[in-house]
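Worksheet: the structure to be examined is printed underneath.
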2 protein chains.
Amino acid sequence: MPHFSVPSPMPRFSVPPELAKRPRGRPRKLPGTEAEGNRRQELMRVAARLFRQKGFEAVTTRDIAAAAGMHSGSPFYHFETKGVLLFAIIQAGMQAAIASQEAIVRTAPSSAVNTLRALVRHHYEVLLGPDSDFIPVMLYEGRSLSAEQQAAITELRKTYEAPWVPVLQTLAKEGALSADPDLARLMILGALNWSVQWFNPQGPASLSTLTDQALSLFLRTP
Amino acid sequence: MPHFSVPSPMPRFSVPPELAKRPRGRPRKLPGTEAEGNRRQELMRVAARLFRQKGFEAVTTRDIAAAAGMHSGSPFYHFETKGVLLFAIIQAGMQAAIASQEAIVRTAPSSAVNTLRALVRHHYEVLLGPDSDFIPVMLYEGRSLSAEQQAAITELRKTYEAPWVPVLQTLAKEGALSADPDLARLMILGALNWSVQWFNPQGPASLSTLTDQALSLFLRTP
DNA sequence: CCTACCGATCGGTAGG
DNA sequence: CCTACCGATCGGTAGG
C-alpha cells in the first residue's frame, strides 16, 4: 500500500455545449471591492515591468501570473486578453502623464524657456523616474496594440504633446529655437525618448543634468 | 471506388538514434555557388522587412519562408535558428553602415560643421532610405539577441559612432555646440533614430530638409 | 530546398 | 482566483 495515494483523475466527459452555458468571466466590479482593484493594478505593474524588459511578445501570461503570485489562468479573471492588459497599461500611463504634466504647466509658466524646462524635466521623470514603466511600454510596445487601440492612444498622445506646441512656437519667434517648431518637437521628444535605451540610474548624470544639457543643446539662450 | 485515393500514411517507425546519425545541416558553402548566397540574402531582406514591421517575436519562421517563396522548413537550411538570422541581419547592416559612413567622412571633411552635416545626412539615409530595414531592426529588435550577440553588436556600434566623437568635441570647442559632447551625441542620435517612428516618405519633409533642420536645432552657427 | 513531422509552449477557457 | 485542460501554433528536425 503506497503511503501517498495518487489522486485518481476524474473522468472528464465532454459536456454538450448547450448544457454548458452559464454566465462566466469577470463579474461586474462592485463598488467597495477595493482588493480586487489592487490585484488588477498589481498585475499592470508587474506586467509593465516585464513588457519593458523583454517586450510584449516575449512575455507570457504565465510569466505575468507568476510575477504577481498567481496561477497561470488567473490574469484572465482581471483582463480578457493579454492585449487588453497591454492597452490598460498604456492608457493608464498616458492618463497619469497627462494629468501630472498639466499640473506642472499650470504652476510654472514664468517664461517660455522655463516652461520648456519644466516640460522636459517632467518628461524625463515619466520616462526614467522610479516605477515608471508605463510610458516606455507605450513607446516601444504600442505596435502590438490593435488598430483601434492604437487610434485611442494616438489621441492621448496628441493631448500630451499639445502644451509643447505653443511653447516651441514662442521660442521660435523669440529666436531661441532655430528650427520648424513641429519638426523640433519631434526631434526633441525623440532625443528624450531615446534616453530609455541608454540611461543608467546608477550613472553620473541625474535627471536635472539631462534637463540642463538638453536645454543647452536645443536652445540658444543669449 | 473513390475518384481520389487518400494517400495511405506510411507507418513511421522510430529509428534507433545510433542508426539515424549521418551528416546533416548546411553543407559548407562551395566557392562559386553564387545562387545559394542569393537565397540567403533574399531571406535576410524579407526577414528584415517583416522584423521591422511587426517585431522579431511576432514574425514566425513560416512568415519569412512564405515571403521568400519557400516552404516552412527551408529557412533552417540557410540559418541554424531564427536568432542567428536576426544576428546576420543586424551584423550585415552595421558593417555596411560603417563602410558607407567611412567613405563619406573620408571625402567631405572641409569643416566640423560640414562633417557633422554629412554624418547626419548619411545616418538619415541609413534609417529612412530605400531598402534600409537592417539598422532599424538593430535599433528596435536588438534586445532579442543573446548576450554574446549583443556584445558583438555593441562593438560595431562603437565603431560606427567613433567618427562622431571628435567632430562634436571640435564643435563644442568652437562654441557651436553648447552641451557635453558625449551627452550631445546620445541626444542627437536619439533625435535621428526616433524618426523611424514618425517619418513618412510620402510626407513633405525630405531627408535633406530633416538634415538642415537638425543642424539648425543642434548647432549655433553665427 | 521539400516533405512530413514532433515536442513544447502559449493564450485562453470551462467549471467550480 | 484555482484546477485542469484544450486547440493552435511555433521553432526546429530527420530524412531524403
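Just so we're on the same page: letters track the sequence lines, and every chain starts at 1.
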inquiry  = Can you measure H71(B) atom NE2 to dC5(C) atom C1' for me and round it to whole angstrom units?
reply    = 15 Å
inquiry  = Going by purine N1 to pyrimidine N3 plus the second Watson-Crick contact, or the G-U wobble pair, all under 3.5 Å, which nucleotide sits opposite dA8(D)?
reply    = dT9(C)
key: Value in whole Å for how far the P atom of dT3(C) lies from CE of M70(B)   = 14 Å
query = To the nearest Å, how far apart are L43(A) CG and dG11(C) P?
reply = 14 Å
request  = Run the ring-centre check on H71(A) versus Y77(A) and record whether the distance is less than 6.0 Å.
outcome  = no
Length of the line joining I64(A):CD1 and dG12(C):P, which is rounded to integer Å = 10 Å
From dA4(D), dG11(D), dG12(D), nucleotide with atom closest to S72(A) side chain = dA4(D)
note = Using Watson-Crick geometry (N1-N3 plus N6-O4 or O6-N4) or G-U wobble (N1-O2, O6-N3), each under 3.5 Å, dC2(C) is paired with dG15(D)
request  = Check the distance between dT13(D)'s P and E80(B)'s CD and give it to me in whole angstrom.
outcome  = 9 Å
inquiry  = Reading DNA chain C from 5' onward, which residue's closest nucleotide shows up sooner: R62(B) or V59(A)?
reply    = R62(B)
key: Proximal nucleotide (of dC1(C), dG11(D), dG12(C)) relative to the K82(B) side chain   = dG11(D)
request  = Write down the distance between CZ (F76(B)) and C1' (dT3(C)), rounded to a whole number of angstrom.
outcome  = 15 Å
key: Rounded distance (nearest 0.5 Å) linking atom CD of E161(B) with atom CZ of R185(B)   = 5.0 Å
task = Measure the distance from CG on L50(B) to P on dG11(D) and round it to the nearest whole Å.
result = 12 Å
key: Short side-chain to backbone donor-acceptor contact, Q213(B) and D180(A), under 3.5 Å   = yes
query = Y77(B) has an atom OH; how far is it from atom C1' of dT3(C), in whole Å?
reply = 16 Å
query = Does a salt bridge link E42(B) with R45(B), judged by any charged N lying under 4.0 Å from a carboxylate O?
reply = yes
message = Quick one about S208(A) and T211(A) (side-chain donor to acceptor, distance below 3.5 Å, no hydrogens or angles considered), yes or no?
response = no
ask   = Base, sugar-phosphate alone, or nothing: which one does S74(A) contact when heavy atoms must sit under 4.0 Å apart?
value = base
